[in-house]
Amino acid sequence: MMSGSGNSSGAASTAGADGRHDDDAALTELLSSLMDYTPTIPDELVEHYLGRSGFNCPDLRLTRLVAVATQKFISDIASDALQHSKARVAAPIKDNKSKQPKDKRLVLTMEDLSKALREYGVNLKHPEYFADSPLTGTDPPTREE
Amino acid sequence: MTYGGGDAAREPQLDSQNTLKPRISTTTNQYGHAVSRISVTQILEATGFEHSYRRPIDALADVLLRYISHVGKLSVSYANMSGRIQCNVFDVILALEEIASVHGFAGQSDPNHSLSSSGVVLDLWRVVGKGREVPFAGSIARFPVTRSRQAETSQDTENEVEWGHIPDWLPSFPDPSTYINNSVSNESSVPRKQMERPHFSFRKFFSVNGSDGFAPIGHTNVERENEIVQRNPYLVPPLPHRERQVSDMTIPSERKAVSVFETFAPVIEASGGEIVEERGVISNKRPAVRFRIGVGTKSMSKMLSLRDTGMKEDLWTVKEEEMDSKKRRAEMILKESMEKPNELAQL
């Protein structure tokens, strides 16, 4: 699947054989190291969902490439959400009279996640409440999300 | 890392806070969703989160699956644009660049940048090169798992010729004796065979289920018919005329008209039945219903009773002696009707 020297996409590389070699080095090394690296997302899952989209490729390295790309995507979102969560924890408490100490645990909430996803173009709107129980709308902080 | 709850159930269940859990639609999606949830949890743990609620993990798992599908779709579209049906690495890189173009990557502004050293490739190389791999917890089999077809053991497969160009999943050819007629020439049998090739074998289908009611016409002979008859009583051919002696049906002769009066004789007697004893057979006319017209109007009741007897004489020209006897009878009827109001309608 990987052409050693030619680029079938048609994008022109930098002039000279050395430049071309440098350009391909990153990709070559990436593909060769993919067989040693095990992504967190299993290959069977990625293969199934790629197959559902019409992706047809017998080369396992491409599947691993997509798995690594997906893992990077999710970890970027997670780190952004972590930043938001840390910012919330570090924010000064408005009500100084409260005896509760600020919760130091790092918990992923829908609010942090929706803020992080918005930058990636994913709209995740969590409704405030579902009107399906008598406790709806009462005392939001004590209700679990 | 603590996890907010159990596995997603097929039916909505109530958790401790009385909120409904979301329902996952199909089994394949459910399985893929569950596996991706595990991966998401591992990634979150590697990122630094200690705890999480259930809904953000479900949302991220959904995002993960959508991302994979999106990359696949874009890669396929790039391959198709290049006139190929199989994707290669550059199609994948182009797809990743398109997704990353929203956020931006190194070298995006250069229209002539090399794909091999694209910003996305360098980012991925950074991820892989760090070596902090977190393998998936556990191993999963390839899915979806397709059930293997049961080998057909009917007699048709004995005569099956292995055609290389015909896929196995097509139904087998019908028995040649069903369509090859000895009286017909060979040329006409060939197109018939081709015509019947995709024919669904009802016989085979129903023979599996145990009933032979749909045997093709050309296939039956006398023995097979008897066989069918022995098995299925509903397929017994009708008996020819007079084969079985059946007793003649006796049609009852014309009966005499039932005399209601005979049956109700005791009732009528009790109420003074001399009025109706002249009548033998019920007329076709509907009998009148005796109304309770009131105690004082004796003449009206008398008129009604006289009408029942079918007398056509003018009431007002009846002689006085007859009037007296009839008057007495009318009084009796009245008295009777007052005593037993339920038996007014005697007819």
Side-chain angles (χ1 to χ4, degrees), chain A residues 1-2 7-9 11-14 22-24 26-27 29-31 33-34 37-38 40-42 44-46 48-50 52-57 62 65-66 68-75 77-79 82 105-110 113 117 120-122 124 130 132-133 135 143-145, chain B residues 17-20 32 35-36 39-40 42-44 46-53 55-56 59-60 63-65 67-69 71-73 75-76 82 85-90 92 94 96 102-103 112-117 121-125 127-129 133-136 140-144:
Chain A
M1 286 299 112
M2 184 200 75
N7 293 329
S8 64
S9 67
S13 59
T14 56
D22 290 337
D23 286 340
D24 292 339
L27 186 59
E29 287 175 19
L30 172 66
L31 288 172
S33 63
L34 270 178
Y37 181 87
T38 310
T40 311
I41 302 166
E44 292 83 7
L45 181 77
V46 177
H48 176 245
Y49 280 94
L50 283 178
R52 277 176 66 158
S53 313
F55 189 93
N56 178 24
C57 182
L62 279 187
L65 185 68
V66 175
V68 169
T70 313
Q71 182 182 339
K72 180 188 170 298
F73 182 73
I74 299 292
S75 62
I77 297 171
S79 57
L82 188 70
R105 295 189 310 166
L106 291 169
V107 187
L108 175 65
T109 59
M110 283 294 277
L113 185 63
L117 280 173
Y120 287 88
V122 180
L124 184 69
F130 291 104
D132 59 350
S133 79
L135 301 172
R143 267 192 315 118
E144 189 187 21
E145 188 174 8
Chain B
Q17 276 74 27
N18 286 334
T19 56
L20 289 174
V35 171
S36 72
S39 305
V40 160
Q42 285 184 276
I43 293 171
L44 287 173
T47 309
F49 276 104
E50 295 159 1
H51 311 278
S52 168
Y53 288 104
R55 287 223 177 106
L60 264 183
V63 166
L64 186 147
L65 296 177
Y67 184 85
I68 295 174
S69 307
V71 168
K73 211 167 18 173
S75 308
V76 168
S82 307
I85 56 172
Q86 267 202 352
C87 301
N88 65 13
V89 66
F90 299 107
V92 177
L94 280 170
L96 292 174
V102 174
H103 225 236
N112 297 327
H113 72 272
S114 159
L115 282 183
S116 308
S117 60
V121 176
L122 295 174
D123 289 340
L124 293 177
W125 172 236
V127 171
V128 175
E133 61 178 277
V134 182
F136 182 72
I140 60 172
R142 286 184 67 90
F143 73 98

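In what follows, every heavy atom counts, from backbone to side chain, and hydrogens, waters and symmetry copies are set aside. The chains referred to below are lettered A, B, ... by the order of the sequence lines, with proteins before strands, and numbering in each begins at 1.
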Let me know if A:I74 has heavy atoms under 4.5 Å from chain B in its side chain, its backbone, both or neither. both
Do the side chain of B:S114 and the main chain of B:S116 share a donor and acceptor less than 3.5 angstrom apart? yes
Minimum heavy-atom separation for A:A78 and B:L44, please, with both atom names. CB-CD2, 3.5 Å
Can a donor-acceptor pair be found, under 3.5 Å and without considering hydrogens, that links the side chain of A:S53 to the backbone of B:S69? yes
For the candidates A:L34, A:L124, A:V122, A:L65, which exhibits the highest count of non-hydrogen atom pairs separated by less than 4.5 Å from chain B? A:L65
B:V121 versus chain A, heavy atoms under 4.5 Å apart: side chain, backbone, both or neither? both
So which of B:V71, B:L122, B:L60 has the biggest tally of heavy-atom pairs under 4.5 Å with chain A? B:L60
Contact check, side chains of A:V107 and B:Y53, non-hydrogen atoms, under 4.5 Å: yes
Any side-chain heavy-atom pair from A:L82 and B:F49 closer than 4.5 angstrom? yes
Where does A:F73 contact chain B at under 4.5 Å (heavy atoms): side chain, backbone, both or neither? side chain
Per-residue contact mode, B:I68 against chain A (heavy atom under 4.5 angstrom): both
Is it the backbone or the side chain of A:L45 that comes under 4.5 Å from a heavy atom of chain B, or both, or neither? both
Does a donor on one side chain sit under 3.5 Å from an acceptor on the other, for A:T40 and B:Q42? no
Picking from B:V92, B:L65, B:V40, which has the most non-hydrogen pairs under 4.5 angstrom with chain A? B:L65
pair A:T70-A:V46: side-chain heavy atoms closer than 4.5 Å: no
Heavy atoms, side chains only, cut-off 4.5 Å: are B:W125 and A:L27 in contact? no
Counting heavy-atom pairs under 4.5 Å with chain B, which one of A:A69, A:P42, A:S33, A:S79 comes out on top? A:P42
By a 4.5 Å heavy-atom criterion (distance strictly below it), what part of B:L96 contacts chain A: side chain, backbone, both, or neither? side chain
Part of A:V66 lying under 4.5 Å from any heavy atom of chain B: side chain
